[in-house]
There are 2 protein chains.
Amino acid sequence: MDIEQTKIPQATAKRLPLYYRFLNNLHSQGKMRVSSKELSDAVKVDSATIRRDFSYFGALGKKGYGYNVEYLLSFFRKTLDQDETTRVALIGVGNLGTAFLNYNFTKNNNTKIEMAFDANTDRVGNEVGGVNVYHIDDLEEKLGDLSVAILTVPASAAQGIADRLVEAGISGILNFTPARISVPSQVRVHHIDLAIELQALVYFLKHYPLNEEAPMDEQ
Amino acid sequence: MDIEQTKIPQATAKRLPLYYRFLNNLHSQGKMRVSSKELSDAVKVDSATIRRDFSYFGALGKKGYGYNVEYLLSFFRKTLDQDETTRVALIGVGNLGTAFLNYNFTKNNNTKIEMAFDANTDRVGNEVGGVNVYHIDDLEEKLGDLSVAILTVPASAAQGIADRLVEAGISGILNFTPARISVPSQVRVHHIDLAIELQALVYFLKHYPLNEEAPMDEQ
DNA sequence: TGGACTATGTGAAAACTTTAACGACTTCCG
DNA sequence: CGGAAGTCGTTAAAGTTTTCACATAGTCCA
Ligand SMILES: NC(=O)c1ccc[n+]([C@@H]2O[C@H](COP(=O)([O-])OP(=O)(O)OC[C@H]3O[C@@H](n4cnc5c(N)ncnc54)[C@H](O)[C@@H]3O)[C@@H](O)[C@H]2O)c1
Ligand SMILES: NC(=O)c1ccc[n+]([C@@H]2O[C@H](COP(=O)([O-])OP(=O)(O)OC[C@H]3O[C@@H](n4cnc5c(N)ncnc54)[C@H](O)[C@@H]3O)[C@@H](O)[C@H]2O)c1
């Protein structure tokens, strides 16, 4: 909870995990150095933006040389707390929830889905992707000190479950349901609304010219 | 392809589908009128932002009254081309792809996954969620005039498939793989990177104070 | 009908984000 | 060793998005 880091722009913070992943790729390819230009080509973010982003953390590179991959990587590992794994709960083992459980978020990542909950007794007691599925009634009992939850229940159940999660002490929710849930201000919710992403893409295609000067990428 | 509409800020454009969905909800609840304040509570977007967004389309509301739900809805239906369905292809019928196929995007939506492709012959020939799965070798032959594709293949295959999609005339790609693909500037790619979303949430929780003045929501 | 109330639409300011440009320092080759 | 080439870190400018705040115009009740 560094006071320093409070100053980092949100836009920058959102790109950090992306940088981290590509630095990891470079490192496992045995690359020793990288320039903001090379990184820019890889992650599709303007090189000036990358340099600006890095500069919030101090002078990480060397003029005329670029950045040392290993150094940068170890710096971001600390910054992004890659050393400690954040344990996550998933609520709603349906289509989407099952996909997430089968996917191993820990591969390149400091997060791990530790347990799952569902209301459907057919699902309860099983293991999906190596994760135990408990009954939603046991949420408060099993949750322990987990602080992050992924919400993949039907929209109609979203607010109710969110209330229980908050009550149980969760501090972050990744919400995949179309419901815009209400939570106290100490709790952070990120909405990922897949239907809307698709609609927005279609809208942009129909209404925005996509010629030469189209932006490199979106979102 | 109205010239008018080119002026609409991207940030606004991304919120339109959200507004549309909530207006639909209100309408099916029988509500006749709605104020920017009420809408704000529902979608968690500042009411001034909502009024500003709407104002790009002209004066849609009435002072002292608010907005007529039916009118607004029919206006957005036209604006978002809700009348014509956009046909979409999905490439990669794995965990995530299967979840999308089973989900009916058409429920509240003008998009429909029309066909799917996979390299695994075990999947080919089956129907998933009512959608035929073809072999990836037949991509060019089957694709026809579809202009949007959802990419849920392994990261290593992403760029190769993207190249083929572009060659086959696709104009928009919703990319769920961690690979940042390169495409010509006439093609629009939206990246949805779930692992990064999760990491970013964790980062914000650890490094940003989430007290009184925390923003209402993110992303 | 009148007057209190309500809620829009928008000008202006503030906040945030991206991009351009370049001085300064490093590297690296001949 | 010296100079050309490369690349950072940053200042300043431009662009985008959000928010404030209020005149204005319509509502609605008594
Ligand atoms: N699948 C997709 O492609 C997709 C796309 C966009 C949005 N979404 C949204 O994601 C969410 C999940 O979608 P899905 O397709 O996985 O749905 P699903 O119906 O397959 O899964 C929902 C799961 O939640 C469980 N559940 C229901 N009520 C519960 C409760 N009170 N407590 C705990 N578990 C409960 C159900 O038993 C089920 O297993 C939905 O809100 C949906 O709108 C999904
Ligand atoms: N599942 C998740 O929760 C999750 C989370 C984050 C990111 N992702 C990303 O989404 C993508 C898909 O993930 P997944 O879990 O569904 O993977 P998956 O391995 O379950 O599915 C990939 C599918 O693509 C098919 N495929 C492989 N090569 C192909 C090719 N050349 N042409 C056509 N099809 C091909 C495979 O046969 C398989 O069915 C991956 O890039 C993954 O990194 C998934």
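Since the model is a prediction, treat every value here as computed from it, not as a measurement. Protein chains get the first letters and strands the later ones, always in sequence-line order, with residue 1 at the start of each.
- Taking the six-membered ring for Trp and thresholds of 30 and 60 degrees, B:Tyr103 and B:Phe105 have ring planes more than 60 degrees apart, a perpendicular arrangement.
- B:Thr12 comes within 4.0 angstrom of no nucleic acid atom, judged by non-hydrogen atoms across all strands.
- At least one side-chain nitrogen or oxygen of A:Ser36 sits closer than 4.0 Å to the OP1 or OP2 atom of D:dC8.
- The side chain of A:Asp46 sits closest to C:dT19 out of C:dT19, D:dT19, D:dT7.
- B:Asn110 and B:Thr86 share no donor-acceptor pair across their side chains, judged by distance under 3.5 Å alone.
- Relative to the side chain of B:Thr49, the nucleotides D:dT18, D:dT17, C:dT19 differ in distance, and D:dT18 lies closest.
- Within the 4.5 Å cutoff, the side chain of B:His191 has no heavy atoms near those of the B:Ile196 side chain.
- As judged by a 4.0 angstrom heavy-atom cut-off over every strand, A:Tyr67 is placed among residues touching the sugar-phosphate backbone only.
- Straight-line distance from the CG atom of B:Asp41 to the P atom of C:dA7: 12 Å, rounded to whole Å.
- Residue A:Tyr65 has its side chain nearest to C:dT27 when only D:dG9, C:dT27, D:dA25 are considered.
- For the pair B:Ile8 CD1 and D:dT18 C1', the computed distance is 17 Å after rounding to whole Å.
- Here the closest heavy-atom approach between residue B:Ile50 and residue B:Val45 is recorded as CD1-O, 3.7 Å.
- In this pair, A:Tyr67 and A:Phe54 present their aromatic rings perpendicular. The plane angle is above 60°, beyond the 30 to 60° band.
- Between the CZ atom of A:Phe54 and the P atom of D:dG9 there is a distance of 9 Å, given to the nearest Å.
- Set against C:dT18, C:dA20, C:dT8, the side chain of A:Ala48 has C:dA20 as its closest nucleotide.
- A straight line from CZ of B:Arg51 to P of D:dC22 spans 13 Å, rounded to a whole angstrom.
- The distance from atom CG of A:Leu39 to atom P of D:dG9 is 13 Å, rounded to the nearest whole Å.
- Relative to the side chain of A:Ala11, the nucleotides C:dT18, C:dT27, D:dT27 differ in distance, and C:dT18 lies closest.
- Taking 4.0 angstrom as the limit, B:Lys63 places none of its side-chain polar atoms (N or O) nearer than this to OP1 or OP2 of C:dT6.
- In this model, the phosphate group of C:dA7 is not approached by any side-chain N or O of B:Ser35 to a distance below 4.0 Å at OP1 or OP2.
- Atom P of nucleotide D:dT17 and atom CD of A:Gln10 are separated by 16 Å, given to the nearest angstrom.
- Computed from coordinates, the A:Tyr56 OH to D:dG9 P distance equals 13 Å when rounded to whole Å.
- Under 3.5 Å, the side chain of A:Arg33 and the base of C:dT27 form no donor-acceptor pair of N or O atoms.
- Taking 3.5 Å as the limit, the base of D:dT10 and the side chain of A:Arg52 contain no donor-acceptor pair of atoms between them.
- Note: CZ (B:Phe57) to P (C:dT10) measures 14 Å, nearest angstrom.
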